[in-house]
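This report concerns only the one structure given below.
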Amino acid sequence: MEILRSLDAMREWRASLAPSQRVGFAPTMGNLHAGHIELINVIKQQSDVVVASIFVNPMQFGGNEDLDAYPRTLEADLAKLEASGTAAVFTPTTTDIYPDGVSQHTAVDVPGLTDVLCGASRPGHFRGVTTVVSKLLGIVRPHIAAFGAKDLQQVLVIKKMVRDLSINTEIEVVPTVRESDGLAMSSRNGYLSHDERALAPLFSRTLEETAKRVAESGSDIKTVIAEGEAILTEAGFVVDYLEARHTYDLSEASSLNQETALFGAAFLGTTRLIDNRIV
Ligand code: PAF
């Protein structure tokens with residue numbers, strides 16, 4: 001596996017590929033778990049050569065968030081990527097990506113979809129995501145790129161960005177990989193204390209059960225969601241949001257005549273968990 005530690009190394013490697021080779025891409029922030037490896041596995045089936053990136057993107061973290069504490073496990077990540085059959089991994093420096101600093105960098109903003117859910121709770125987060133993803137797609141020039149369905153809002157935002165900016169990359173959405181107790185895999189799960197980890201699956205379970213009840217109840221969505229929220233609050237979660245929204249434009253779902261998902265975010269101690277379930 002090639003380790004491409006600079007922009008120049010990445011560009012050189014990309015230029016060495018034959019035009020007929022279909023390139024698959026899995027962008028990550030490292031601290032890889034089975035969910036990331038699933039991105040590689042899915043993309044591998046649809047391309048001739050797979051490249052991953054590892055870059056903890058400062059632009060998508062708010063001032064009060066966990067940028068400094070974010071787990072960095074490069075050696076272990078490289079071993080996992082190598083074992084998964086990844087051909088190359090791009091590990092740019094912050095200066096490679098933001099040569100004049102984050103605040104002086106051109107930004108990509110996707111309107112509308114980023115005003116709600118995580119966009120409302122984490123101002124500037126999606127601007128950081130879309131800016132870095134547009135850059136990575138421009139540098140790597142993949143035919144197809146994979147993103148996890150756990151971050152469903154992120155997927156919708158990236159799809160819109162790719163469409164609006166006429167970026168020539170197909171976006172593949174990979175189903176959420178879960179622990180055996182149902183908790184969606186996330187690098188942030190590692191922040192949970194022993195007791196919090198034991199409680200965390202209740203979040204995914206409540207989302208799943210609430211989504212089922214929403215599907216059954218039809219018109220009484222708000223009451224069912226309030227009950228789900230109460231279960232989480234009583235158990236010790238601080239719920240950021242629990243909302244049923246249409247998956248095509250994230251508008252509020254007051255009835256279920258269009259494809260709808262239940263989106264949730266909640267703090268357990270200082271750890272923010274997110275998940276979603278299609279209703
Ligand atoms: O989902 C992530 O890990 C990040 O948001 C991404 C897409 C790699 C951009 O930094």
Side-chain angles (χ1 to χ4, degrees), residues 4 7 10 24-40 42-43 50-62 65-74 76-78 80-81 84 86 88-94 96-98 102 105 107-110 113-114 117-119 121-140 142 144-162 165 167 169-177 184-191 263 265 271-276:
L4 309 164
L7 214 53
M10 178 66 227
F25 178 43
T28 81
M29 297 208 298
N31 194 234
L32 303 183
H33 49 67
H36 296 109
I37 301 308
E38 184 63 8
L39 300 182
I40 305 282
V42 167
I43 216 78
V50 174
V51 54
S53 65
I54 297 178
F55 178 64
V56 182
N57 173 32
M59 195 173 179
Q60 69 188 75
F61 287 79
E65 293 184 348
D66 55 344
L67 173 62
D68 292 338
Y70 199 84
R72 286 150 172 96
T73 52
L74 185 61
D77 292 346
L78 294 177
K80 287 177 191 168
L81 289 173
S84 72
T86 303
V89 54
F90 178 38
T91 60
T93 63
T94 304
D96 272 328
I97 299 295
Y98 300 112
V102 170
H105 200 279
V108 176
D109 270 313
V110 172
L113 293 177
T114 59
L117 304 174
C118 285
S121 317
R122 302 180 66 191
H125 167 67
F126 284 117
R127 166 180 251 239
V129 170
T130 44
T131 299
V132 82
V133 172
S134 66
K135 289 195 63 128
L136 291 169
L137 295 180
I139 297 163
V140 176
I144 183 163
F147 296 86
K150 178 179 78 71
D151 301 305
L152 187 55
Q153 186 178 15
Q154 169 172 281
V155 167
L156 298 174
V157 169
I158 288 171
K159 279 187 166 178
K160 177 168 166 57
M161 175 191 78
V162 163
L165 298 183
I167 295 173
T169 298
E170 230 175 274
I171 301 302
E172 176 72 21
V173 186
V174 176
T176 305
V177 178
M185 288 202 184
S186 163
S187 298
R188 291 191 166 98
N189 292 350
Y191 296 153
F263 294 82
T271 306
R272 190 169 183 277
L273 303 174
I274 70 167
D275 203 347
N276 63 79

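Ligands are counted one by one from 1 in listed order, and the atoms in each one are counted from 1 as well.
Only the backbone of Thr28 comes within contact range of ligand 1, with a heavy atom under 4.0 Å; no side-chain atom does.
Of all the atoms in ligand 1, the ones that sit under 4.0 Å from a non-hydrogen atom of Val132 are 9 (C), 10 (O). The atoms of ligand 1 that sit less than 4.0 Å from any heavy atom of Gln60 are 4 (C), 5 (O), 9 (C), 10 (O). Proximity to Pro27 (heavy-atom distance under 4.0 Å) selects the following atoms of ligand 1: 8 (C).
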With side-chain contact (heavy atoms from CB on, under 4.5 Å) as the test, would you mind laying out the steps for Val133 and Phe147 before giving the verdict? CA-CA 11 Å; Val133 172; Phe147 296 86; 3.9 Å; yes
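Considering CG of Leu32 and OG1 of Thr73, their distance stands at 6.5 Å, rounded to 0.5 Å.
Residues passing the ring pair (Phe, Tyr, Trp, His ring centres under 6.0 Å) test with Tyr191, sequence neighbours excluded: none.
Between Leu67 and Arg72, the closest heavy-atom pair is O-NH1, 2.8 Å.
Of the options Lys150, Lys135, Gln154, His36, the smallest heavy-atom separation from atom 2 (C) of ligand 1 is shown by Gln154.
Counting only heavy atoms from C-beta outward, the side chains of Tyr98 and Val132 approach each other to under 4.5 Å.
For atom 3 (O) of ligand 1, the closest heavy atom belonging to the protein is Met29 CG, 3.8 Å.
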